[in-house]
Amino acid sequence: MIYRLHPQNPEKRILTKISQSLLDGAVYIFPTDTVYALVADSQSHSGVEKLYQLKNIPKNQPLALLCKDISVASHYMEQLSNESFRLMKRITPGPFTFIVRANKHLPRVSFSNLKEKQIGIRIPDSIYLQSLLDLHPNPLTSTSVFIQDEFVVDVDMLEEVYGKRIQGIVDGGIVDVELSTIIDCTGDEILVTREGKGMELLAQ
């Protein structure tokens, strides 16, 4: 099912139904501020299992944790350096993945197979995800959508490939294929380990 929500004020009634379905183990595809992504509730064992099955990836391959804001993200990571915290505060929400050290509150359902207790946290600048996270009780576990090593930008193609295997797709139109910039905040220095969308913000 394709959901075509209002692009400035997504319908809360529909998002509430999606939220409940995620809690029950469903998987959806949402547009982010980079590419389309598969999302599940971070505390749902069945939902996270489906993510790995849909991507056909091993369970020790890390997924991303989508949080509404830095306050929520802080609940799941060890204390950042002052420099890292200021950077995250300045450029979020935005197209960045922050590699951080996880703390004891890390959702074990989503991240129990990690060899190192490091996670990628995203605070996406997406009206659809921000509106969902406003009312959903947990962060979301996420992984980008691609088919045969190609990122999919067209919602009709997503429906053709995934429509029968997931609960629904939120239509964000044709998205630009540009990955998030990955910023490693686990060491003494902040390191950009993948240059992607939003690099110009880092130079400001």
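Bear in mind the structure is a predicted one, so any value in this text is a computation, not a measurement. We count residues from 1, following the sequence as given.
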*asked:* Test your reading of the model: is there a side-chain donor-acceptor pair from K50 to the backbone of G25, 3.5 Å cut-off?
replied: yes

*Is the backbone of S144 close enough, under 3.5 Å, to the side chain of K55 for a donor and an acceptor to pair up by distance?*
yes

*May I have all residue pairs that pass side-chain hydrogen bond (donor to acceptor under 3.5 Å, both in side chains) and include part of residues 184-202, sequence neighbours excluded?*
S180-R194, D184-T186

_Assess whether a salt bridge exists between K12 and D134, defined as any Lys/Arg side-chain N lying under 4.0 Å from an Asp/Glu carboxylate O._
no

_Checking the side chain of Q130 only, and the main-chain atoms of D125 only, is there a donor and an acceptor separated by less than 3.5 Å?_
no

*Which residues satisfy the side-chain hydrogen bond (donor to acceptor under 3.5 Å, both in side chains) test with E49, sequence neighbours excluded?*
K59

_Under 3.5 Å: donor-acceptor pair, side chain of T97, backbone of G120_ = no

_So does I70 get a backbone contact from the side chain of S74, meaning a donor-acceptor N/O pair under 3.5 Å?_
yes

*Any donor and acceptor pair, going by atom type alone, linking the side chain of E78 with main-chain N or O of V100 inside 3.5 Å?*
no

*Please answer whether the main-chain N or O of F96 pairs with a side-chain N or O of R122 as donor and acceptor at a distance below 3.5 Å.*
yes

_Inter- and intrachain pairs under ring-ring contact (aromatic ring centres under 6.0 Å, His included), touching residues 2-30, at least two apart_ = none

*Just by distance, do the side chain of S21 and the backbone of K17 share a donor-acceptor pair under 3.5 Å?*
no

_Walk me through whether M199 and L202 qualify under side chain to side chain contact (heavy atoms under 4.5 Å, CB included)._
CA-CA 5 Å; M199 280 296 297; L202 297 180; 3.8 Å; yes

